[in-house]
Structure formats: C-alpha cells, structure tokens
Amino acid sequence: MDADVIIIGHGLAGATLAWSLHWRGWRVKVIDRDETVTSSKVAAGIVTPISGKRVARGWRIDEFLPAARDFYARTESELGSAFYHPLPYVRMLQTDDERRRWREKKGEPEFQRLLTQPQPAPILDHRLFHAPETGLEVRSAWLDVRAWLAASQRFLKQRGNWITGEVPAGDISLTAEAVCVGGLTARYLVLCQGWEAAKNPFFPWLKWKSAKGEILSFQAPKLTEHRIVNLGGWILPTGKRSLFRTGSTYKWDDFSNLPTAAARKTIESRLHRALKVPFTITGHEAAVRPIINESKAVLGLHPVHQRLGFFNGLGSKGVLHAPFFATRFAALLTERVPLDYEVDVCRN
Ligand SMILES: Cc1cc2nc3c(=O)[nH]c(=O)nc-3n(C[C@H](O)[C@H](O)[C@H](O)COP(=O)(O)OP(=O)(O)OC[C@H]3O[C@@H](n4cnc5c(N)ncnc54)[C@H](O)[C@@H]3O)c2cc1C
C-alpha cells in the first residue's frame with residue numbers, strides 16, 4: 001500500500017484531517033488541484049462565538065473553541081510560524097430585538113465566559129464608526145487560512161505526501177480491502193472536496209444548500225481599530241499596512257467563483273454606512289461555502305463502501321469546527337470511536 005489514507009482536497013476539511021492522522025502516526029497522501037481560489041483560501045477565517053439576530057452562543061462553542069486553539073497551536077509549532085491570531089470581536093446590537101435578547105442573556109454564566117473582562121466603555125470609538133451605543137466584546141480569533149494552507153502544503157510536499165491534480169470520480173476504485181486512486185493504493189480514501197462533492201455520485205442522499213460568498217479588501221490608514229468589528233457586516237484588521245477585509249454575502253443559486261458588481265455594491269454601501277474615515281477598495285474575491293446541515297459538519301464512512309470517507313459541510317464555520325471534527329474522524333479511522341449522531345454522513 002502507498003498510504004494508510006488518501007485525502008482528496010486540501011481545504012480546511014482535508015488539511016485538518018491530514019494533520020490529525022499524521023499525529024496518530026498514519027501515512028497520509030493528499031491530492032488537490034492547488035487552485036488559487038477556493039472556499040478556504042478566500043475565507044476571512046473568523047471565529048464567531050456569538051452570532052445571528054438572536055445573539056446566540058455558537059453551537060457547542062465550549063468544546064470547539066479550545067479544540068481549535070490547541071489544534072492550530074500544535075500545527076504552528078510544527079510549521080514554525082503563527083497563523084491563528086487571538087483578537088477580540090466587537091458585536092454591535094443593531095435592533096431593539098437584539099438589544100432585548102442581549103439584556104436577557106448577558107448575566108448568564110455561559111455568556112459571561114465568552115466576554116472580555118472588563119468590557120470596554122464605550123465599546124467602539126465614535127470618531128471612527130457610525131454605530132449604535134450598545135454592543136459587546138467577546139474573546140475571538142481569526143486564522144490566516146491561505147497562509148496556513150500554504151504552510152501545510154509545503155509540509156506535505158517536503159515529505160512526498162502531496163500530489164497536485166484533479167481526481168475525477170471515475171478514477172476511484174473501491175474494494176473491501178483497499179482503495180485505488182490514479183495508481184495509488186491505500187486502506188482508506190476520504191473525500192474533502194468542498195461544495196463540489198455535490199457532483200460526485202457516492203453520497204447522493206445529501207441535501208446540499210451551498211452558498212456563494214464575496215469579500216472585499218480595503219485600505220484605511222485612519223482606521224485605528226485592531227479588533228474584529230461587526231456592524232451588520234464584519235470588518236477584519238489583517239495587521240498589515242492598514243489593510244482590512246470586510247464581508248460577506250450569501251447567494252444560494254450561483255456556484256461560480258466570479259466576483260459580482262451587485263455584491264461589491266452591497267458590501268461597499270455597508271462599509272460607507274459603518275465608517276467615518278476614508279477607505280479605498282483594494283480587492284474583491286468570491287467562493288462557495290459548502291453547506292449541507294446548517295453549517296454543521298457532515299462526516300464519516302460510506303454505509304456500503306466502508307473504505308470510503310467523507311468530510312464536508314463546514315459552511316461558514318470551517319475554522320472553528322474543522323479541528324474538532326477532524327480529530328473525531330481520525331479517532332473513528334484509527335480506533336473505531338463512533339461519531340456524534342448529528343454529524344454522521346449516514347444519518348444526514
Ligand atoms: C466569502 C467567504 C467567507 C468565509 N468566511 C469564513 C470565516 O470568516 N470563518 C470561517 O470559519 N469560515 C468562513 N468561510 C467558510 C469556510 O471557507 C468553509 O467552511 C471552508 O472553506 C470549507 O472547507 P472545505 O475544505 O470543506 O472546502 P474547500 O475549501 O472548497 O476545499 C476543497 C478542496 O478540494 C479540492 N478539490 C475539489 N474537488 C477535487 C478533485 N476532484 N480533485 C482534486 N481536488 C479537488 C479543491 O481544489 C479545494 O482545494 C467563508 C467562506 C467564504 C466563501
């Protein structure tokens with residue numbers, strides 16, 4: 001056998017699974033097209049512990065946050081560089097309903113745990129932002145996903161475990177004992193293809209609801225804000241030369257990676273409403289988020305082809321959810337530890 005596992009796709013799903021299996025001593029080969037634009041490479045990489053109009057705590061946030069922090073820290077120590085940047089996240093409350101919900105929740109210990117202490121007052125500098133008075137600041141982080149994936153790719157290449165290429169579904173052959181992909185054999189094959197897995201014939205029962213998203217980059221030398229700020233849309237300081245990213249949009253019927261004038265207008269108008277300082281747009285990117293189970297991951301082994309795995313559906317939470325579920329998937333493959341019912345590909 002050439003490997004224990006072949007992984008197709010090196011986005012957040014494939015890369016986190018490759019690391020989890022590597023740490024368990026399994027031999028992994030990764031095949032990826034190495035495209036410039038993918039969902040993971042375009043992503044802002046923000047971890048959002050409290051989100052939505054209901055001002056809700058993220059799903060299983062107390063488990064996922066420490067898992068993500070420890071996972072990326074371990075990769076950083078092997079890769080010799082920092083990619084996961086802890087940063088406070090300021091969420092401004094735009095409507096009466098959001099403010100009412102927050103008044104009801106904010107005393108609860110599980111919300112208090114997520115807040116930075118003490119909360120700044122005022123939350124935002126009104127010389128920089130047009131903003132409502134009420135908001136909250138939570139402990140958060142962002143992953144420089146593009147840089148992290150590039151470093152992970154170099155790590156795999158140096159060990160001869162990276163193959164650049166396209167794998168058509170017809171090139172996959174499966175038996176009870178092994179898988180064969182483009183001349184390579186392994187004990188398992190795991191498909192981590194992002195939204196394009198909807199096109200392959202192996203998991204036809206999954207109900208895909210993938211969404212295109214677009215992001216702008218801009219320069220604003222007078223914007224002296226170092227936290228992630230959410231004023232309806234989010235603004236992320238990259239820490240480089242007054243450069244920020246802002247977004248994003250959701251479109252459910254366009255699966256191209258082409259930036260559109262309509263999305264640019266939406267995001268730019270939002271930025272004009274939020275900022276009191278001048279800015280210049282410097283970039284515009286688009287990609288498709290793979291969504292199956294409302295941004296909850298979907299993973300596991302095929303019910304018939306027990307050598308074929310699937311890890312996908314990370315939606316808009318890839319950075320936060322991928323490390324936890326990649327670790328679970330590795331435990332399934334190496335020790336037969338069962339997966340959580342709600343994310344198992346056989347039950348979605
Ligand atoms: C605009 C936007 C903003 C986002 N912001 C955030 C954010 O702030 N925080 C967050 O957590 N998430 C964010 N996301 C979501 C996040 O990007 C996804 O959850 C994540 O990228 C999904 O990763 P993946 O590995 O499943 O898919 P992908 O990143 O799409 O990776 C799939 C890989 O498989 C390869 N591939 C596919 N088919 C084949 C084949 N047949 N042969 C070889 N290779 C193949 C592709 O080339 C690609 O490299 C954002 C997404 C978008 C679009």
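First listed ligand is number 1; within each ligand, the first listed atom is number 1.
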Practice problem: Check the angle between the aromatic planes of Trp162 and His10 and answer parallel, tilted or perpendicular using the 30° and 60° thresholds. | Solution: perpendicular
Quiz item: In the protein, what heavy atom is nearest to atom 11 (O) of ligand 1, and what distance, to one decimal place, separates them?
Solution: Val319 N, 2.9 Å
Quiz item: In the protein, what heavy atom is nearest to atom 27 (O) of ligand 1, and what distance, to one decimal place, separates them?
Solution: Gly194 CA, 3.3 Å
Quiz item: With side chains defined as the heavy atoms from C-beta onward, is the minimum distance between Asp62 and Arg113 less than 4.5 Å?
Solution: yes
Self-check item: Nearest non-hydrogen partners of Arg57 and Ile61, listed with the distance
Solution: NH2-CG2, 3.5 Å
Practice problem: Give the numbers and elements of all ligand 1 atoms closer than 4.0 Å to a heavy atom of Ala43. | Solution: 3 (C), 4 (C), 5 (N), 6 (C), 13 (C), 14 (N), 17 (O), 50 (C)
Exercise. For the residue pair Thr282 and Gln219, confirm or rule out a side-chain donor-acceptor distance under 3.5 Å.
Key: no
Quiz item: If we only count N/O pairs under 3.5 Å, is Trp195 in contact with ligand 1?
Solution: no
Exercise. Using non-hydrogen atoms of the residue, decide whether Gly45 is closer than 4.0 angstrom to ligand 1.
Key: yes
Quiz item: Relative to the heavy atoms of Ala287, which atoms of ligand 1 are at a distance of less than 4.0 Å?
Solution: 53 (C)
Exercise. Write out the residue and atom name of the closest protein heavy atom to atom 8 (O) of ligand 1, then the distance separating them to 0.1 Å.
Key: Ile46 N, 2.9 Å
Practice problem: Report, in ascending order of atom number, the atoms of ligand 1 lying under 4.0 Å from any heavy atom of Lys317. | Solution: 11 (O)
Quiz item: Rounded to the nearest 0.5 Å, what separation is found between the CG atom of Leu189 and the CG atom of Leu308?
Solution: 5.5 Å
Practice problem: Note the single closest protein heavy atom to atom 31 (O) of ligand 1, along with its residue, its atom name and the distance in Å. | Solution: Gly11 CA, 3.5 Å
Quiz item: Is there at least one pair of N or O atoms, one from Val42 and one from ligand 1, spaced under 3.5 Å apart?
Solution: no
Exercise. Would you mind running through ligand 1 and noting each atom that sits below 4.0 Å from a heavy atom of Gly165?
Key: 42 (N), 43 (C)
Quiz item: Among Ser39, Ala44, Ser40, which residue places a heavy atom closest to atom 24 (P) of ligand 1?
Solution: Ser40
Practice problem: Would you mind checking which non-hydrogen protein atom is closest to atom 52 (C) of ligand 1, with the distance to 0.1 Å? | Solution: Arg289 CG, 3.8 Å
Quiz item: Against heavy atoms of Ile215, which atoms of ligand 1 measure under 4.0 Å?
Solution: 1 (C), 3 (C)
Quiz item: Can you find an N or O of Gly213 that's nearer than 3.5 Å to an N or O of ligand 1?
Solution: no
Quiz prompt | Aromatic ring proximity Trp208/Phe203, centre distance under 6.0 Å | solution = no
Quiz item: Given the side-chain rings of Tyr84 and Trp148, with only the six-membered ring counted for Trp, is the space between their centroids under 6.0 Å?
Solution: no
Self-check item: Any Ala286 heavy atom less than 4.0 Å to ligand 1
Solution: no
Quiz item: What are the atoms of ligand 1, with element, lying closer than 4.0 Å to any heavy atom of Cys192?
Solution: 32 (C), 33 (C), 34 (O)
Exercise. Can you figure out which of Ala169, Gly9, Gly315 has its heavy atom closest to atom 18 (C) of ligand 1?
Key: Gly315
Quiz item: Ion pair present between Arg24 and Glu335, side-chain N to carboxylate O less than 4.0 angstrom?
Solution: yes
Quiz item: Can Arg91 and Ser140 be said to form a side chain to side chain donor-acceptor pair (under 3.5 Å), step by step?
Solution: CA-CA 11 Å; Arg91 162 75 191 272; Ser140 178; over 6 Å; no
Quiz item: What protein heavy atom is closest to atom 49 (O) of ligand 1, reported as residue, atom name and distance in Å?
Solution: Asp32 OD2, 2.6 Å
Quiz item: How close does the nearest protein non-hydrogen atom get to atom 41 (N) of ligand 1, and which residue and atom is it?
Solution: Val167 O, 3.0 Å
Quiz item: Which word best sums up how the rings of Trp59 and Phe325 line up, parallel for under 30°, tilted for 30 to 60°, or perpendicular for over 60°?
Solution: parallel
Quiz item: Backbone or side chain, does any N or O of Ile8 fall under 3.5 Å from an N or O of ligand 1?
Solution: no
Practice problem: Mark yes or no: Arg74 above the aromatic ring of Trp23, with NZ or CZ under 6.0 Å from the six-membered ring centre and no more than 45 degrees from the axis. | Solution: yes
Quiz item: Taking the six-membered ring for Trp, are Trp142 and His226 ring centroids under 6.0 Å apart?
Solution: no
Self-check item: Atoms of ligand 1 close to Pro290 [distance to a heavy atom under 4.0 angstrom, numbered from 1]
Solution: 22 (C), 26 (O)
Quiz item: Leu314 heavy atoms, cut-off 4.0 Å: which ligand 1 atoms fall inside?
Solution: 19 (O)
Quiz item: Nearest protein heavy-atom contact for atom 10 (C) of ligand 1: which residue, which atom, what distance?
Solution: Ser316 O, 3.3 Å
Quiz item: Do NZ/NE/NH1/NH2 and the carboxylate oxygens of Glu196 and Lys199 come within less than 4.0 Å?
Solution: yes
Exercise. Using distance alone, decide if ligand 1 has a nitrogen or oxygen within less than 3.5 Å of any nitrogen or oxygen in Gly318.
Key: yes
Quiz item: So, is the end of the Arg289 side chain (NZ or CZ) under 6.0 Å from the ring centre of Tyr250 and within 45° of the ring's axis?
Solution: yes
Practice problem: Answer yes or no: does an N/O atom from Glu35 fall short of 3.5 Å to an N/O atom of ligand 1? | Solution: yes
Exercise. Check whether the ring centres of Trp234 and Tyr89 lie less than 6.0 Å apart, and answer yes or no.
Key: no
